Amino acid sequence: LTTDGEHFTGTLEISPLLIQTSLGTLTVPPDRIDRILLDASGGGFSEGFEAGLHRWTAESATASRWHASADAAASGRQGLRCCVPGTGQYDDGATATVTSPRVQLAGYRQPVLRFRYRMLVEEGPDHLTVRLMDEAGGALLQERLEPSAGWAQAEYAIPSDHPRSI
């Protein structure tokens, strides 16, 4: 493997992954592994869209829909895209949300929400808002992202008094 200081590239030979739990051992064959996260902080949570929306919930009040798409991938095979299916464009007045599964934060000292995005929108009222909610539905973070023709990275520190899950 080689690295540019941020990403690893190359080939890694791996054996079946064995995960020990209190219920027994889970064996994951190498051909079923989509992504491996290497995290120097001692642990992490990573979510990709290789299998589509999978555990995410998408809602829309208009024809625009969130869906997994190869042309929306910053890395991996697929990323999320919001548009009218088959057109590549979003409709006027589009309101679409996508909600992640609950993320357990117990044991993480300084959790960070980090993702890459590309947002091609019309000038004016079109925007994307990121909301981080606690278990009770209270907003821990609400940020409006700026349009970006190229890939941009967003990074938000989760408050130090964070709940056990978000």
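Nothing here was measured: the structure is a model prediction, and the numbers come from that model. We number each residue from 1, following the sequence as shown.
Atom CZ in Arg102 sits 10.5 Å away from atom CE in Met133 (nearest 0.5 Å). If you take CD1 on Ile158 and CG on Leu113, they are separated by 6.0 Å, rounding to the nearest 0.5 Å. Distance check: Asp134 CG to Leu141 CG gives 12.0 Å after rounding to the nearest 0.5 Å. Note: Arg144 CZ to Arg131 CZ = 11.0 Å, rounded to the nearest 0.5 Å. Atom CG of Leu145 and atom OH of Tyr117 lie 4.5 Å apart (nearest 0.5 Å).
For Asp71, the CG atom counts as densely surrounded, since its 6.0 Å shell holds more than 12 non-hydrogen atoms of other residues, nucleotides or ligands.
In plain terms, the two heavy atoms of Glu155 and Val112 that are nearest each other are CG-CG1, 3.3 Å. Taking both residues in full, the closest heavy atoms of Ala72 and Trp151 are given as O-CH2, 3.3 Å, listed atom of the first, atom of the second, then distance. When all heavy atoms are compared, the tightest approach of Gln78 to Gly52 is NE2-N, 3.6 Å. Taking both residues in full, the closest heavy atoms of His67 and Cys83 are given as CE1-SG, 3.2 Å, listed atom of the first, atom of the second, then distance.
Linking Ile, Leu, Val, Met, Phe, Trp and Tyr residues whenever their side-chain heavy atoms come within less than 4.5 Å places Val130 and Trp56 in a single cluster. If you chain together hydrophobic residues whose side chains sit under 4.5 Å apart, Leu120 and Tyr90 never meet in one group. Following chains of ILVMFWY side-chain contacts shorter than 4.5 Å, one cannot reach Val98 starting from Val84, and the two form parts of different hydrophobic clusters.
Inter-residue side-chain proximity for Leu132 and Tyr156 is flagged as unmet; no heavy-atom pair is nearer than 4.5 Å. Under the 4.5 Å side-chain criterion, counting only non-hydrogen atoms from C-beta, Phe115 is not in contact with Leu80.
A distance-only check finds a donor-acceptor pair linking the side chain of Ser64 to the backbone of Asp91 [under 3.5 Å]. Counting only distance, with no hydrogens or angles, the side chain of Arg118 and the backbone of Ala74 share no donor-acceptor pair below 3.5 Å.
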